[in-house]
Amino acid sequence: MEKLSVAQKAMAQGKGILRLAPNWVPRSFCVPGRRIKLHPDDYYVLGGQRGGIDERWFSSTTPAKNGPLTGEHEGLSFVVTGDGDSEERMLLKDLVSELKGALIGARLWDEYKGWPMYSKFFDNMGPLPHHIHHNDEKAALIGQQGKPEAYYFPPQLNNHGGDFPYTFFGIAPGTTKEQIRECLVNFTKGDNKITNYSQAFRLEPGTGWDVPPGMLHAPGSMCTYEPQKASDVFAMYQSLVNEAIIPEELLWNGTPEDKKGDFDQLMEVIDWELNVNPNILETRFMLPKPVKPLADMEAEGYVENWVCYKSTAFSAKELTITPGATVTIYDQAAYGLIMMQGHGKMGVWEIDTPALIRYGQLTNDEFFVSEQAATEGVTIVNMSTTDPIVMLKHFGPQNPEMVL
């Protein structure tokens with residue numbers, strides 16, 4: 001009898017639903033907001049040089065770009081199979097490469113030859129610098145892909161808003177390119193004051209924002225669920241934030257070696273019309289949108305909303321299961337998920353939402369659902385009489401259902 005590979009065992013054990021291990025990522029330029037359930041003793045477990053852990057990545061086949069000290073598999077999700085006595089792990093990236101369309105669907109495999117997105121929790125106590133993600137053309141110059149992203153602020157992780165729960169988006173109308181270029185030239189002179197030419201919006205739990213590549217943005221201090229294209233390309237355009245100096249190397253991050261020092265190259269990364277759009281609130285803000293008529297879903301024991309839906313590169317839903325309900329949810333594409341609240345069963349798996357997680361500890365709160373399992377329907381049982389099950393689901397490009 002032919003021996004099953006780890007990938008085949010994982011698919012068989014979960015009947016097309018894979019269990020993932022927590023995937024923690026530090027950032028040297030961030031201070032953790034301490035809302036992502038990591039044990040208080042573990043936020044700096046990788047050492048002070050690495051900075052605090054303020055991100056957890058989901059369904060990731062994308063390595064983190066964290067400089068020369070980056071860990072071997074940093075940012076990459078592992079699939080866990082077997083039981084406690086004979087547990088095996090395999091990188092989701094390798095499992096996708098082996099199973100191809102049998103896991104992520106022929107549509108995505110044929111076009112991308114891999115899983116082309118990931119999501120994360122971003123949890124910083126203060127704001128991030130005004131920064132930018134390159135589009136595909138600019139990112140290709142350093143061998144990467146462009147990076148659209150989106151934000152959703154889960155109520156379950158935002159009992160406090162951190163130091164500055166406001167996000168700067170874009171460039172204020174009337175600003176000239178010369179003014180922004182001067183800010184970049186002044187990057188090493190202290191505060192380059194680039195946010196003088198932007199506008200900040202207050203962040204509200206249960207809402208979100210769409211951030212295309214080429215758009216300047218300075219994420220606020222609310223804990224953020226952040227679906228994005230499978231890339232970690234960025235450049236910091238603000239030199240001082242929360243009284244902390246940003247290293248000049250981060251200004252040139254994403255710039256080809258032969259173009260470093262060329263401020264015109266930095267300006268070319270900016271999508272000017274996108275940034276000076278006077279209707280940023282109207283075009284980029286996202287309120288949840290029901291996937292079906294609300295009364296129909298409530299009658300079946302659940303509510304599901306689109307929470308990220310303005311990008312073609314990914315999408316995301318928030319699913320809530322009523323206490324005591326058993327429902328079968330159908331999707332037309334593979335997806336990853338993270339539990340936000342509640343406990344119960346999903347297919348063959350026990351699912352629960354931990355209150356506190358040690359670094360290296362396994363959980364039952366993160367999974368990846370194959371396209372076949374998604375289209376055949378995933379049965380979820382809420383075993384609580386009082387607590388809803390809430391999960392966030394992240395999908396790849398061009399979700400067939402996303403017609404809004």
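Residues Thr61 and Tyr118 fail the side-chain proximity criterion, which asks for heavy atoms closer than 4.5 Å. Here the side chains of Asn159 and Arg35 are in contact, with some heavy-atom distance below 4.5 Å. Using a 4.5 Å cut-off on side-chain heavy atoms (C-beta onward), Ser28 and Arg50 make no contact. Contact check for Pro288 versus Trp306: no side-chain heavy atoms found under the 4.5 Å cut-off.
The shortest heavy-atom contact between Asn124 and Pro32 is OD1-N, 4.3 Å. Nearest heavy atoms, Gly220 versus Phe122: O-CE2, 3.8 Å. For the pair Leu287 and Tyr309, the tightest heavy-atom approach, listed with the atom from each and the gap, is O-OH, 2.6 Å.
Between the CD atom in Glu350 and the CG atom in Asn364 there is a gap of 7.5 Å [rounded to 0.5 Å]. Going from atom CE of Met346 over to atom CZ of Phe367 covers 5.0 Å, rounded to the nearest 0.5 Å. Summarising the geometry, atom CE belonging to Met215 is positioned 12.0 Å from atom CD1 belonging to Ile270; distances are rounded to the nearest 0.5 Å. Going from atom OG of Ser119 over to atom CG of Leu392 covers 8.0 Å, rounded to the nearest 0.5 Å. To the nearest 0.5 angstrom, Ser239 atom OG is 8.0 Å from Asn186 atom CG. Separation of atoms CG (Asn192) and CG (Leu240) is listed at 8.5 Å; rounding is to 0.5 Å.
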Is there a side chain to side chain contact (heavy atoms under 4.5 Å, CB included) between Ile280 and Trp209 once you walk through the steps? CA-CA 10 Å; Ile280 284 178; Trp209 289 83; 4.0 Å; yes
Begin from the C-alpha positions of Thr363 and Asp365 and carry the test side-chain hydrogen bond (donor to acceptor under 3.5 Å, both in side chains) through to its verdict. CA-CA 6 Å; Thr363 57; Asp365 67 341; 2.5 Å; yes
What verdict does the side-chain hydrogen bond (donor to acceptor under 3.5 Å, both in side chains) test give for His217 and His131, after you've listed the backbone C-alpha separation in whole Å, the side-chain angles of each residue and the deciding distance to 0.1 Å? CA-CA 6 Å; His217 55 291; His131 69 276; 3.2 Å; yes
Apply side-chain hydrogen bond (donor to acceptor under 3.5 Å, both in side chains) to residues Gln341 and Asp387 and explain how you reach the verdict. CA-CA 8 Å; Gln341 187 174 345; Asp387 200 21; 2.8 Å; yes
Please lay out, stage by stage, how Lys177 and Asp264 fare under the test salt bridge (charged side-chain N to carboxylate O under 4.0 Å, His left out). CA-CA 10 Å; Lys177 292 183 179 181; Asp264 292 331; over 6 Å; no
What's the verdict on side-chain hydrogen bond (donor to acceptor under 3.5 Å, both in side chains) for Ser60 and Ser77, showing C-alpha distance, side-chain angles and the deciding distance? CA-CA 5 Å; Ser60 173; Ser77 294; 4.9 Å; no
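Ring geometry for Tyr335 versus Phe395: interplanar angle of 30 to 60°, hence tilted. Ring geometry for Tyr151 against Phe169 counts as tilted: the plane angle lies between 30° and 60°, on a 0 to 90° scale.
Taking Ala10 as the reference, Leu18, Val79, Thr81, Leu95 meet the side-chain contact (heavy atoms from CB on, under 4.5 Å) condition, with sequence neighbours excluded. For Glu376, the side-chain contact (heavy atoms from CB on, under 4.5 Å) test picks out Gln372, with sequence neighbours left out.
Ionic pairing of Lys259 and Glu257 is not present here: no N-O contact between side-chain nitrogen and carboxylate oxygen is shorter than 4.0 angstrom. Look at Lys393 and Glu318 and you find no salt bridge, because none of the NZ, NE, NH1 or NH2 atoms lies under 4.0 Å from a carboxylate O. Taking a cutoff of 4.0 Å between a charged side-chain nitrogen and a carboxylate oxygen, Arg284 and Asp210 qualify as a salt bridge. Using a 4.0 Å cut-off between a side-chain N of Lys or Arg and a carboxylate O of Asp or Glu, Lys292 and Glu401 do not qualify as a salt bridge. Between Lys9 and Glu88 there is a salt bridge, since at least one side-chain N of the basic residue sits less than 4.0 Å from a carboxylate O of the acidic one. For the pair Lys100 and Asp110, the salt-bridge criterion is not met [side-chain N within less than 4.0 Å of a carboxylate O]. The residues Arg89 and Asp94 are annotated as not salt-bridged, no charged nitrogen and carboxylate oxygen being separated by less than 4.0 angstrom. Remark: Glu366 does not engage Arg19 in a salt bridge, criterion side-chain N to carboxylate O under 4.0 Å.
Between the side chains of Gln361 and Tyr359, no donor-acceptor pair of N or O atoms lies under 3.5 Å.
Within the structure, side-chain hydrogen bond (donor to acceptor under 3.5 Å, both in side chains) pairs that include any residue of residues 36-45 comprise Asp42-Arg358 (at least two apart or interchain).
Aromatic rings from Phe78 and His73 are positioned such that their centres are separated by under 6.0 Å.
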